[in-house]
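In what follows, a single structure is set out as structure tokens and then discussed.
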Amino acid sequence: MSAMSERITALREQRGWSKTYVAKKLGLNLSTYANYEYGNREPDIKTLADIAKLFDVTTDYLVEGAQSSDKPLSKNQKLVAYSIDPDISDEERRDIIEMVKIAMKNRRRV
């Protein structure tokens with residue numbers, strides 16, 4: 001099992017949901033979703049985002065196990081988010097910081 005498959009299995013079980021229920025909520029075949037949990041397949045980006053939204057976690061948490069909402073935003077992170085829009089919610093600020101982190105990580109790969 002991959003780390004991601006273990007996380008989505010744990011998230012599903014914590015909620016008491018069946019694989020069938022989750023597959024239906026995501027619009028997937030049961031076998032497709034089950035293969036994600038078994039670690040036989042990995043979801044594409046859109047499906048990964050859908051899974052994260054369903055379980056109310058970040059895609060980073062699913063992929064890497066790091067959930068940014070576990071730590072408060074640093075002063076610099078808040079300044080960046082506020083500079084974009086001072087009237088956004090804490091959740092939106094965290095999303096902006098997550099996007100910046102992903103962009104920085106992708107930049108390093110090039």
Side-chain angles (χ1 to χ4, degrees):
M1 263 185 141
S2 70
M4 181 173 50
S5 64
E6 290 175 4
R7 284 186 195 100
I8 62 174
T9 300
L11 288 165
R12 178 184 57 77
E13 290 175 348
Q14 287 169 1
R15 287 159 176 77
W17 295 345
S18 68
K19 287 183 189 91
T20 303
Y21 174 81
V22 174
K24 284 182 182 179
K25 293 291 276 182
L26 296 169
L28 301 170
N29 291 324
L30 173 59
S31 62
T32 300
Y33 177 75
N35 278 316
Y36 298 152
E37 282 200 16
Y38 299 143
N40 297 331
R41 292 181 64 177
E42 291 200 1
D44 60 29
I45 298 294
K46 182 197 176 311
T47 305
L48 181 66
D50 291 344
I51 292 169
K53 183 175 181 180
L54 178 66
F55 289 122
D56 194 29
V57 296
T58 64
T59 54
D60 275 355
Y61 174 77
L62 294 177
V63 175
E64 300 172 7
Q67 187 154 9
S68 65
S69 61
D70 290 345
K71 297 184 220 171
L73 294 175
S74 72
K75 183 178 178 181
N76 286 341
Q77 289 172 328
K78 287 180 182 178
L79 288 172
V80 168
Y82 283 121
S83 70
I84 293 170
D85 184 349
D87 296 325
I88 60 177
S89 68
D90 285 342
E91 182 180 344
E92 291 169 317
R93 285 184 197 96
R94 283 182 180 30
D95 289 344
I96 289 168
I97 299 306
E98 286 301 314
M99 288 187 289
V100 170
K101 286 178 182 177
I102 291 167
M104 290 171 61
K105 189 184 317 179
N106 288 336
R107 182 185 64 195
R108 288 185 204 134
R109 289 183 191 163
V110 177

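Scope of the values below: all heavy atoms of this structure, side chains included, with no hydrogens, waters or symmetry mates.
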Less than 4.5 Å apart, side chain to side chain, heavy atoms only: is that true for Y21 and R15? no
Between V22 and E37, is the side-chain contact (heavy atoms from CB on, under 4.5 Å) condition met? List the steps. CA-CA 11 Å; V22 174; E37 282 200 16; 5.7 Å; no
Heavy-atom side-chain proximity of K25 to Y33 below 4.5 angstrom: no
Is the positively charged end of R7 above the ring of Y61, judged by distance under 6.0 angstrom from the centroid and angle within 45° of the axis? yes
Which pair of non-hydrogen atoms, one from Y36 and one from S5, has the smallest distance, and what is that distance? O-CB, 3.0 Å
For the student: nearest non-hydrogen atoms of W17 and R12, plus distance: O-NH1, 2.9 Å
Criterion side-chain contact (heavy atoms from CB on, under 4.5 Å) on L11 and L62, from CA distance to verdict: CA-CA 10 Å; L11 288 165; L62 294 177; 3.8 Å; yes
Closest approach of I8 and F55, non-hydrogen atoms and distance? O-CZ, 4.1 Å
Could you measure the distance from the CG atom of N40 to the OG1 atom of T32? Nearest 0.5 Å is fine. 11.5 Å
Does anything in residues 40-50 form a salt bridge (Lys or Arg N to Asp or Glu O under 4.0 Å)? List the pairs, not counting sequence neighbours. K46-D50
Please find the pair of heavy atoms, one from T59 and one from A49, that lie closest to each other, and give the distance. CG2-CA, 3.9 Å
When rounded to the nearest 0.5 angstrom, what is the spacing between CG in N29 and OG1 in T20? 11.5 Å
